[in-house]
> 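Mind looking over this structure? Questions follow.
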Amino acid sequence: MKIYILGAGSIGSLFGALLSRVGEDVILIGREEHVKEINRNGLKIVGIEEFTVYPEALTRMPSEPPDLIILSTKSHSTEYALECARESIGKNTWILSIQNGLGNEEEALRYTKNVLGGITTNGAMIERWGVVKWVGRGITIIGDYPRGISPFTAELIEIFNKAGLKTELSENIEGWKWSKAIVNSAINPIGAIMEVKNVKILENEYLLKLAKEVVKEGCQVATQLGVKFEKHPMELLIETLEQTRENYNSMLQDIRRKKKTEIDFINGKIIEYGRKIGLEVPLNFALWSMVKAKEIPQTK
Ligand SMILES: NC(=O)C1=CN([C@@H]2O[C@H](COP(=O)(O)OP(=O)(O)OC[C@H]3O[C@@H](n4cnc5c(N)ncnc54)[C@H](OP(=O)(O)O)[C@@H]3O)[C@@H](O)[C@H]2O)C=CC1
Ligand SMILES: CC(C)(CO)C(=O)C(=O)O
């Protein structure tokens, strides 16, 4: 299968490396420093497993349409990335978002009806250009967005599992995307503002109560929009905190690296969707406001 990884950073490079290792025709599209290193010395995975692969790496999408584009930029880069990729999206090309946050699949649907949603609990981070650490082995769930399973998706899951990416199918990927986004809407900003590991949210009564109240707000919006949960966000909240105790969440990491966070596509989208149906979500608004204030100066 011809696969382009659009936004080959941490998680995209991990997916690309695993798929390349089993012989899939993978091209990574990333930033220049990472691309140059990969083309010079290959892409090295360390951590959970250690191996090096030699996929082609580019800074721009090739014009030839692939079978699959795995969208793995941060959510705030999606719109521009897809616009730049417009010429590479053929009538039979599928786009799979493995991103956190809401709205990415809707953006992809502007270019094709062949859109898959995905959530992954694998953890990865770029150690240095050309080297990605696989920090946590997790599962990935994919499905046609917003709901359903097409023959392509059924074929894809075979490829992902053969590559060592434990993957399950869901007829209701929209439900999973919302559950994960609601969990992120609680954990990420609270951890970022308090500058604490996830375990602190689990073990501090005040932070856990706040996290649960934020989850309730997100559930109200999702339920009123007709979203059906596969796993209730309140259950997923505790499960996630227990499984990622030692994590400094990605939003806190972005702030510490003076990078833009995904707050607008997590809490920001919950606020936006809530307002569209006349629901105010004050806790989401408060957390969104504080993270925006903490973010890199140019976001004023
Ligand atoms: N890392 C992880 O363990 C997990 C991440 N996720 C989610 O996956 C998504 C990606 O996260 P992560 O991999 O950590 O992010 P990274 O920032 O590590 O990777 C994204 C990469 O894409 C690059 N990029 C952005 N736009 C383009 C473009 N148009 N062309 C080429 N490259 C581009 C970015 O460069 P630049 O920074 O210069 O813009 C960056 O190098 C997020 O939504 C995240 O929440 C989900 C589960 C786990
Ligand atoms: C699951 C969690 C909260 C793990 O830290 C995450 O997705 C993130 O850090 O963005």
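Side chains included, hydrogens not; waters and symmetry mates left out as well; all remaining heavy atoms used. In listed order, ligands and their atoms are each counted from 1. The model shown is predicted, which means the values in this text are computed figures rather than measured ones.
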> Please list, in number order, the atoms of ligand 1 under 4.0 Å from a heavy atom of Ile29.
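Listed by number with element, the hits are 31 (C), 32 (N).
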> Are more than 12 heavy atoms, taken from residues, nucleotides or ligands other than Glu87, located less than 6.0 Å from that residue's CD atom?
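Counting other residues, nucleotides and ligands, CD of Glu87 stays at 12 neighbours or fewer.
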> Under a 4.0 angstrom heavy-atom cut-off, which atoms of ligand 1 come close to Thr120?
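By the 4.0 Å cutoff, the relevant atoms are 47 (C).
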> Under 4.5 Å between side-chain heavy atoms, hopping through other hydrophobics if needed: is there a path connecting Ile95 to Ile27?
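Same hydrophobic cluster.
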> Suppose I only count heavy atoms of Ser77 and a 4.0 Å limit; which atoms of ligand 1 are within that range?
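Matching atoms, with element in brackets: 25 (C), 26 (N).
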> Quick one: does Ile126 get a heavy atom under 4.0 Å from ligand 1?
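It does not; every heavy atom stays at 4.0 Å or beyond.
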> Taking the non-hydrogen atoms of Asn184, is any one of them nearer than 4.0 angstrom to ligand 1?
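So Asn184 does not count as touching ligand 1.
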> Can you tell me how the ring of Trp94 sits relative to the ring of Phe152, calling it parallel under 30°, perpendicular over 60° and tilted otherwise?
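Rings of Trp94 and Phe152: parallel, as their planes differ by under 30°.
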> Looking at atom 11 (O) of ligand 1, what's its closest protein heavy atom, distance included?
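Nearest protein contact, heavy atoms only, for atom 11 (O) of ligand 1 is Lys74 CE, 3.7 Å.
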> Side chain, backbone, both or neither: which part of Asn184 has a heavy atom under 4.0 Å from ligand 2?
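Near ligand 2, Asn184 shows its side chain, while the N, CA, C and O stay back.
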> Check this for me: does any side-chain nitrogen of one of Lys276 and Glu272 sit under 4.0 Å from a carboxylate oxygen of the other?
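Result for this pair is yes, salt bridge flagged.
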> What atoms of ligand 1 come closer than 4.0 angstrom to any heavy atom of Ala81?
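Counting atoms of ligand 1 from 1, those under 4.0 Å from Ala81 are 29 (N).
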> Only heavy atoms count here, so choose which of His76, Arg31, Glu79 is nearest to atom 30 (N) of ligand 1.
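Looking at heavy atoms only, the winner is Arg31.
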> Looking only at side-chain N and O atoms, does Thr140 offer a donor or acceptor that is under 3.5 Å from a partner on Thr167?
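Side-chain D/A pair, Thr167 to Thr140: absent.
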> Should you measure from each heavy atom of Asn100, which atoms of ligand 2 turn up under 4.0 Å away?
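Taking each heavy atom of Asn100 in turn, ligand 2 has 7 (O), 10 (O) under 4.0 Å.
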> Salt-bridged, Glu83 to Arg86, with N to O below 4.0 Å?
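Yes, charged N to carboxylate O under 4.0 Å.
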> Return the residue, atom name and 0.1 Å-rounded distance of the protein heavy atom closest to atom 6 (N) of ligand 1.
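Result for atom 6 (N) of ligand 1: Asn100 ND2, 3.9 Å.
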> So which protein heavy atom does atom 3 (C) of ligand 2 come closest to, and at what separation?
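Checked against all protein heavy atoms, atom 3 (C) of ligand 2 sits closest to Asn188 OD1, 3.5 Å.
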> If you measure every N/O of Ile11 against every N/O of ligand 1, is any gap under 3.5 Å?
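The answer is yes, given that Ile11 and ligand 1 share an N or O pair closer than 3.5 Å.
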> Nearest heavy atom to atom 23 (C) of ligand 1 wins, so pick from Gly7, Ser97, Gly9.
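Answer by nearest heavy atom: Gly7.
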> In terms of atom number and element, which parts of ligand 2 are under 4.0 angstrom from non-hydrogen atoms of Asn249?
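Near Asn249, the atoms of ligand 2 are 5 (O), 9 (O).
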> Under a heavy-atom criterion of less than 4.0 Å, does Ala124 contact ligand 1?
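It does, in that a heavy atom of Ala124 comes within the 4.0 Å cut-off of ligand 1.
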> In terms of side-chain geometry, is the basic nitrogen of Glu49 or Arg137 positioned less than 4.0 Å from the acidic oxygen of its partner?
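Salt bridge between Glu49 and Arg137, a charged N being under 4.0 Å from a carboxylate O: yes.
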> Is a salt bridge present between Lys44 and Glu50, judged by a nitrogen-to-oxygen distance below 4.0 Å?
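A salt bridge links Lys44 with Glu50.
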> Are any of the heavy atoms in Cys84 under 4.0 Å away from ligand 1?
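It does not, in that no heavy atom of Cys84 comes within the 4.0 Å cut-off of ligand 1.
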> Short question: side chain of Ser75, backbone of Asn100 - any donor-acceptor pair under 3.5 Å?
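Here the side-chain-to-backbone pair exists.
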> Strictly below 4.0 Å, N to O, side chains only: are Lys162 and Glu158 in salt-bridge contact?
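No salt bridge links Lys162 with Glu158.
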> Taking atom 18 (O) of ligand 1 as the point of reference, which of Ala8, Gly123, Ser10, Ser13 owns the nearest heavy atom?
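Among Ala8, Gly123, Ser10, Ser13, the closest heavy atom to atom 18 (O) of ligand 1 belongs to Ser10.
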> Step by step, work out the salt bridge (charged side-chain N to carboxylate O under 4.0 Å, His left out) result for Glu203 and Arg245.
CA-CA 10 Å; Glu203 295 182 348; Arg245 302 172 76 90; 2.6 Å; yes
> If you count heavy atoms of other groups shown closer than 6.0 angstrom to CD of Glu239, is the number above 12?
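Result for CD/Glu239: enclosed.
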> Which heavy atom of the protein is the closest neighbour of atom 9 (O) of ligand 2, given with residue, atom name and distance?
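Its nearest protein heavy-atom neighbour is Ser250 N, 2.9 Å.
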> Looking at atom 20 (C) of ligand 1, what's its closest protein heavy atom, distance included?
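Here the closest protein heavy atom is Ser72 O, 3.5 Å.
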> When you look at CE of Met194, are more than 12 heavy atoms from neighbouring residues, nucleotides or ligands closer to it than 6.0 Å?
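Not buried by this count: 12 neighbours or fewer within 6.0 Å.
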> Check whether more than 12 heavy atoms from other residues, nucleotides or ligands sit under 6.0 Å from atom NZ of Lys200, and answer yes or no.
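No - once you tally the heavy atoms of other residues, nucleotides and ligands closer than 6.0 Å, there are 12 at most.
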> Would Lys259 count as a polar contact of ligand 1, with the cut-off being nitrogen or oxygen pairs under 3.5 Å?
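Yes, there is a polar N/O contact under 3.5 Å.
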> Under 4.0 Å from a heavy atom of Asn198: which atoms of ligand 2 are those, numbered in the order shown and with their elements?
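Those atoms are 4 (C), 5 (O).
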> Would you mind listing which atoms of ligand 1 come within a distance below 4.0 Å of any non-hydrogen atom of Gly30?
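That gives atoms 31 (C), 32 (N) of ligand 1.
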> What I want to check is whether the side chains of Thr78 and Gln99 have a donor and an acceptor closer together than 3.5 Å.
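Judged by distance alone, the side chains do pair up.
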> Quick one: which ligand 2 atoms are inside 4.0 Å of a heavy atom on Thr240?
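With Thr240 as reference, the close atoms of ligand 2 come out as 1 (C).
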> Only heavy atoms of Asn247, strictly under 4.0 Å: list the atoms of ligand 2 that pass.
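Answer, ordered by atom number: 4 (C), 5 (O).
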> Do other residues, nucleotides or ligands put more than 12 heavy atoms under 6.0 Å from the CD atom of Glu106?
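Above 12, so yes.
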> Check each heavy atom of Met251 against ligand 2 and say whether those closer than 4.0 Å belong to the side chain, the backbone, both or neither.
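Contact part for Met251 vs ligand 2: neither.
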> Identify, by atom number and element, the atoms of ligand 2 in contact range of Lys180, meaning under 4.0 Å from any of its heavy atoms.
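Listed by number with element: 7 (O).
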> Could you identify the single nearest non-hydrogen protein atom to atom 9 (C) of ligand 1 and state the distance to 0.1 Å?
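In this structure, atom 9 (C) of ligand 1 has Thr73 O, 3.4 Å as its nearest protein heavy atom.
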> Between ligand 1 and Gln99, is the shortest N or O to N or O distance under 3.5 Å?
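Looking only at distances, the answer is no, because the N/O contact criterion of under 3.5 Å is not met.
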> Test salt bridge (charged side-chain N to carboxylate O under 4.0 Å, His left out) on Lys177 and Glu174 and set out the steps.
CA-CA 5 Å; Lys177 295 291 284 203; Glu174 181 190 45; over 6 Å; no
> If you measure from each heavy atom of Glu262 to ligand 1, is any distance below 4.0 Å?
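Under 4.0 Å: yes for Glu262.
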> Which protein non-hydrogen atom lies closest to atom 48 (C) of ligand 1, naming both residue and atom, and how far is it?
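Checked against all protein heavy atoms, atom 48 (C) of ligand 1 sits closest to Asn122 O, 3.3 Å.
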> Is it true that Glu246 and Lys197 have a side-chain N and a carboxylate O under 4.0 angstrom from each other?
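Yes, this pair counts.
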